[in-house]
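All values reported here derive from a predicted model rather than from experimental measurement. Convention: sequence-line order gives letters A, B, ...; per-chain numbering from 1.
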2 protein chains.
Amino acid sequence: MAYRSTERVKARLSASRERIIAAALEIMAGHGYAGCSIAAVAERAGVATGSVYRHFPTKAHLFAEVFRTASQREVDAVAGAAARQATTAAQVSAVVETFAGRALRSPRLAYALLAEPVDPAVDAERLVFRRAYAELLAGYVAAGMASGELPPQDPELTATALVGALAEAMVGPLAAGVAGPSTIPNLVTVIHRALGVTP
Amino acid sequence: MAYRSTERVKARLSASRERIIAAALEIMAGHGYAGCSIAAVAERAGVATGSVYRHFPTKAHLFAEVFRTASQREVDAVAGAAARQATTAAQVSAVVETFAGRALRSPRLAYALLAEPVDPAVDAERLVFRRAYAELLAGYVAAGMASGELPPQDPELTATALVGALAEAMVGPLAAGVAGPSTIPNLVTVIHRALGVTP
DNA sequence: GCAAGAAGTGAACCATCATTCAAAACTTGC
DNA sequence: GCAAGTTTTGAATGATGGTTCACTTCTTGC
């Protein structure tokens, strides 16, 4: 037994893995999923194509993780912003503003995460992403109902519908390239009304 | 000049073209876009694979047309149902009920049209489909504002958001396979609130 | 019936990449 | 330095399925 991987090597492996994920994310944010061949990712990460397969069994696995990483970052940002608010109305405003603001600031990435055609196995990860938002929102809706701030409703359904509304409202502008300054406030208003926030 | 295509031949060509589109649609409704190879479509239409290319330059062109056909049918059904109503509230109810009812009755097709991963060129057609719904809704929203039935708002944005809400609310049930009997009425309620329909 | 042209055929072709793998380079403990 | 094992490499492989094309079959006008 003359060799046994040591901490230093493990750290390098792990760093390599991270670089691959980062490279994939960068290419996705720059050229969309379409531009993400394994060869391109490997080159950007500074490794050989074959090395990618030491870390991920298939391309789908790699991109599932890329999606998961990027999505988690988004959800965390939104959840963090919402958590700082006290009322349901303010929490929902924070969700919408954070979600939309970030999407408009990184349109290419947002498009890739929300709507770009991807491998079916990766698409599944997108559902998880959307569900995470829905569950975040559903929590606030349920709390709002409990406190009497919102009328009785099915929190899951409302939350799902709102996630769809948010995503769709972003994809349009992202494709068209422009969103007026009133887009976000108007969206907040619509969504407040949908929830039944008393004005 | 010994040959010049005649009416009879033109009719046969056209019939062939229609059969190809119909076959593609049937396979899509049965097995999703994933199961739609040109070979499978050709076989179902009763022609050779090469013949498909007499009618469509590429697979993407064929399926763009398939999507267009199917989408138009959906939009027409929804528009027809809404047109029979007098108030904005009733028109919007008709849109939601017709859209959702049809989707739940043909879940596989609905999933393919709404959310299944497809070729990017075909995906573009999906945007047209969604935009058609959005424009239909925007018209009713604008009319409702004009009549005072709805509060002031950006009809385009509201309509876009509602299309997203509808689609998202359908994709979950379509994937899971079930939608409770209260899904549609609840969805109508949420959307009425979003629009600001006075109860 | 025949020539000219159009439509139909389907097996072969080919481009694209994800994936593999044999060899090379590197690590480790002694 | 060496043996044993691990990681890296990147060109070759291979699967998929859209697309082509040389050939056959059909249609038309005379």
Side-chain angles (χ1 to χ4, degrees), chain A residues 1-21 23-24 27-28 31-67 116-123, chain B residues 1-21 23-24 27-28 31-67 116-123:
Chain A
M1 194 211 302
Y3 180 89
R4 181 98 151 272
S5 81
T6 189
E7 281 313 308
R8 199 163 66 84
V9 171
K10 275 186 191 154
R12 204 187 52 198
L13 282 182
S14 165
S16 201
R17 192 177 201 278
E18 291 310 308
R19 266 212 323 289
I20 290 168
I21 292 176
I27 294 179
M28 216 168 67
H31 308 297
Y33 181 80
C36 290
S37 69
I38 293 288
V41 171
E43 186 180 1
R44 179 159 200 132
V47 300
T49 56
S51 301
V52 173
Y53 288 86
R54 299 235 121 228
H55 300 286
F56 306 94
T58 69
K59 185 187 187 183
H61 279 83
L62 163 59
F63 278 90
E65 181 142 349
V66 169
F67 263 63
E116 187 177 3
V118 297
D119 193 68
V122 178
D123 199 65
Chain B
M1 192 212 300
Y3 181 90
R4 185 89 155 276
S5 80
T6 189
E7 282 311 309
R8 199 163 64 84
V9 171
K10 276 184 189 155
R12 203 187 51 199
L13 281 183
S14 164
S16 201
R17 193 175 200 279
E18 292 307 310
R19 265 211 324 289
I20 291 168
I21 292 176
I27 294 179
M28 218 169 66
H31 309 298
Y33 182 80
C36 290
S37 70
I38 293 288
V41 171
E43 185 179 2
R44 179 159 199 132
V47 300
T49 57
S51 301
V52 172
Y53 287 85
R54 301 230 130 230
H55 300 284
F56 305 94
T58 68
K59 184 187 187 183
H61 280 82
L62 164 58
F63 277 90
E65 182 142 350
V66 170
F67 262 64
E116 188 177 4
V118 297
D119 193 68
V122 178
D123 200 63

Separation of [X] atom [atom1] from [N] atom [atom2], in whole Å?
{"X": "B/L13", "N": "C/dT9", "atom1": "CG", "atom2": "P", "answer": "11 Å"}
{"X": "A/H61", "N": "C/dA18", "atom1": "NE2", "atom2": "C1'", "answer": "14 Å"}
{"X": "B/D119", "N": "C/dT16", "atom1": "CG", "atom2": "P", "answer": "15 Å"}
{"X": "A/Y33", "N": "C/dC17", "atom1": "OH", "atom2": "P", "answer": "11 Å"}
{"X": "B/K10", "N": "D/dT27", "atom1": "NZ", "atom2": "P", "answer": "16 Å"}
{"X": "A/H55", "N": "D/dT6", "atom1": "NE2", "atom2": "C1'", "answer": "12 Å"}

On a heavy-atom basis, which atom in A/S16 and which in A/V47 lie closest, and how many Å separate them?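 Smallest interatomic distance, heavy atoms only, reads OG-CG1, 3.9 Å.
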
For a quick test of reading the model, state the closest non-hydrogen atom pair linking A/A40 to A/G35 and the distance between them.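 Of all heavy-atom pairs spanning A/A40 and A/G35, the closest is CB-O, 4.1 Å.
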
Please table the atom pairs, donor to acceptor, closer than 3.5 Å between any side-chain atom in residues 50-66 of chain A and protein atoms at least two apart or in another chain.
residue: A/T58; atom: OG1; partner: A/A60; partner atom: N; Å: 3.3
residue: A/T58; atom: OG1; partner: A/H61; partner atom: N; Å: 3.1
residue: A/T58; atom: OG1; partner: A/H61; partner atom: ND1; Å: 2.8
residue: A/K59; atom: NZ; partner: A/C36; partner atom: O; Å: 3.0
residue: A/E65; atom: OE1; partner: A/R17; partner atom: NH2; Å: 3.3
residue: A/E65; atom: OE2; partner: A/R17; partner atom: NH1; Å: 2.8

Examine C/dT9: is either OP1 or OP2 under 4.0 Å from a nitrogen or oxygen in the side chain of B/S51? Give yes or no.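 For C/dT9, OP1/OP2 do have a side-chain N/O of B/S51 under 4.0 Å.
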
With respect to the phosphate group of C/dG8, does any side-chain polar atom (N or O) of B/R54 fall under 4.0 Å of OP1 or OP2?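 The answer is no; no side-chain N or O of B/R54 sits under 4.0 Å from OP1 or OP2.
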
Could you pull out the protein-nucleic contacts involving nucleotides 16-18 of chain D (nitrogen or oxygen on both sides, under 3.5 Å)?
residue: D/dG18; atom: OP1; partner: B/K59; partner atom: NZ; Å: 2.6
residue: D/dG18; atom: OP2; partner: B/I38; partner atom: N; Å: 3.0

Among the nucleotides C/dT20, D/dT8, D/dT28, which one has an atom lying closest to any side-chain atom of A/T49?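 Among C/dT20, D/dT8, D/dT28, the one nearest the side chain of A/T49 is C/dT20.
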
With respect to the side chain of B/R12, which nucleotide from C/dG10, C/dT9, D/dT27 is positioned closest?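 Nearest to the side chain of B/R12 among the choices is D/dT27.
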
Any donor and acceptor pair, going by atom type alone, linking the side chain of B/E116 with main-chain N or O of B/G32 inside 3.5 Å?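 No; zero donor-acceptor contacts below 3.5 Å.
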
Going by side chain to side chain contact (heavy atoms under 4.5 Å, CB included), name the residues that satisfy it together with B/A39, two or more places apart in sequence or in a different chain.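 Residues passing side chain to side chain contact (heavy atoms under 4.5 Å, CB included) with B/A39: B/S37, B/T49.
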
